[in-house]
**Q** 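There's a structure below that I have some questions on.
Just so you know, these numbers use all the heavy atoms, side chains as well, and skip hydrogens, waters and symmetry mates. Both counts, for ligands and for their atoms, begin at 1 and track the order of listing.
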Amino acid sequence: MKKDIRSLSLKDLCSFFESNNYPAFRGNQVYNWLWNKSCFSFDQMTNISLELREVLKKDFVINHIKIDNIQKSSDGTIKNAVTLFDNLLVESVLIPVKNRTTACISSQVGCSLDCEFCATSQLKRMRNLNPDEIFDQASTINIQSKLYYNRPISNIVFMGMGEPLLNYKNLILGIDKITSKEGLGISPKRITVSTSGISKLIIKMADNNVKFNLAVSLHSAIEETRNKIMPFSKKFPLDELLDAVKYWYKKTRKIVTYEYIVWKEINDDMNHISALVQFCKASPSKVNLIEYNKTENPFFIAADDKIISNYISELEKNRIPVTIRKSRGKDIDAACGQLANKLLN
Ligand code: SAH
């Protein structure tokens, strides 16, 4: 299989040319085509000789993602079904909010975790996305944002398909490209990686001194409940998760966001509220209450507004910042937990 030329660094490219007896600056030219001009065909690299283009074609391919289908929601959200070089599909979403645009990006094809309330968990994990596929989603949405909303993307959240931390290496490489000058030049402060709570990898991220933000999908601070709704979490007990979050804060000084959905008869009682407050008090944190988006699992029903208000008042009483995240793009199944390649069915 030929290598994707975009997996080469500038240095790698220059050495490739040198070792084939061409001047090293050709590396800069090709790099410029690939990263500054988003060029996805060797034939469009017009300042590279025909002969040299053939040399490149012999050894390399450019596996750029392709948009297979675009759906636009009445609230302005745009969902892209994206085809990968091996014909697998992922989804990525453009979310316009006031004068900002957030890109919601996938990290894996399908997901290996088993959160019962999430539509993506119904698709088994097929493979990890490579760094370029991660970058391409952001850059595609950036182009769309300029086209439809006259502005570049301002924020990126890894809340699409998959568990980003289980694709750690490629996630970091993809983010490096997104934040680099020749990529999109987006500050890591505007990027949030959301994890279902893989404690040991939160520790690894803290050790690697990453600069982006961390969100943890908590949904319950009571072990028994969490194990029921997110069965994989038996392997990642809450005390270990809390230790990891404490370590994250100690190393990065960044406040974690807990994502939390409130469901009828699952976590809508005072015990769950108190447990969340205690959990949040243990290390600096804020809470994002997410509106539940219905999936096919009848077991999960969004709690009444009254309960949400109870959560908010208890958190606020304890000086824990809390926000409500209204769902976007529901009419096209583009909201959190609804990404399941529906248009395929
Ligand atoms: N695997 C990572 C990232 C993808 S999910 C994680 O779990 O964090 C992004 C967010 O959507 C998570 O907080 C997840 O818990 C939430 N989510 C999943 N299903 C949902 C649903 N049906 N409605 C609302 N949010 C959901």
**Q** For F117, is at least one N or O under 3.5 Å away from an N or O on ligand 1?
**A** yes

**Q** Test of understanding: with ring-ring contact (aromatic ring centres under 6.0 Å, His included), list the residues that count as partners of F60, not counting sequence neighbours.
**A** F16

**Q** When you measure from the heavy atoms of E291 to every atom of ligand 1, does any distance fall below 4.0 Å?
**A** yes

**Q** Within a distance under 4.0 Å of any heavy atom of T295, pick out the atoms of ligand 1 and give their elements.
**A** 22 (N)

**Q** Check ligand 1 against G162 and write out every atom of the ligand that is under 4.0 Å from a heavy-atom position of the residue.
**A** 1 (N), 2 (C), 3 (C), 4 (C)

**Q** Considering the heavy atoms of S196, write down every atom of ligand 1 situated less than 4.0 Å from one of them.
**A** 1 (N), 2 (C), 6 (C), 7 (O), 8 (O)

**Q** Any carboxylate oxygen within less than 4.0 angstrom of a Lys/Arg side-chain nitrogen, looking at K2 and D59?
**A** no

**Q** Taking atom 4 (C) of ligand 1 as the point of reference, which of S194, G160, A302, C118 owns the nearest heavy atom?
**A** G160

**Q** With respect to S217, determine whether any N or O atom, backbone or side chain, lies less than 3.5 Å from an N or O atom of ligand 1.
**A** yes

**Q** In terms of ring plane angle, is the pair F117 and H219 parallel, tilted or perpendicular, where the classes change at 30° and 60°?
**A** perpendicular

**Q** Residue-level breakdown please: for N293 versus ligand 1, do any non-hydrogen atoms fall below 4.0 Å on the side chain, on the backbone, on both, or on neither?
**A** both

**Q** State whether the shortest distance between N or O atoms of R325 and N or O atoms of ligand 1 falls below 3.5 angstrom.
**A** no

**Q** Would K294 and F300 count as a cation-pi pair here, with the cationic atom under 6.0 angstrom from the ring centre and within 45° of the axis?
**A** no

**Q** Could you check whether F135 and W35 have their ring centres less than 6.0 Å apart?
**A** yes

**Q** Do F279 and Y258 have ring centroids that are under 6.0 Å from one another?
**A** yes

**Q** Does either side chain, that of N130 or that of R127, offer a donor lying less than 3.5 Å from an acceptor on the other one?
**A** no

**Q** Checking the side chain of R226 only, and the main-chain atoms of L218 only, is there a donor and an acceptor separated by less than 3.5 Å?
**A** yes

**Q** Relative to the heavy atoms of H219, which atoms of ligand 1 are at a distance of less than 4.0 Å?
**A** 14 (C), 15 (O)

**Q** Of all the atoms in ligand 1, which lie at a distance below 4.0 Å from a heavy atom belonging to E163?
**A** 1 (N), 2 (C)

**Q** What part of T195 sits under 4.0 Å from ligand 1 if we count only heavy atoms: the side chain, the backbone, both or neither?
**A** backbone

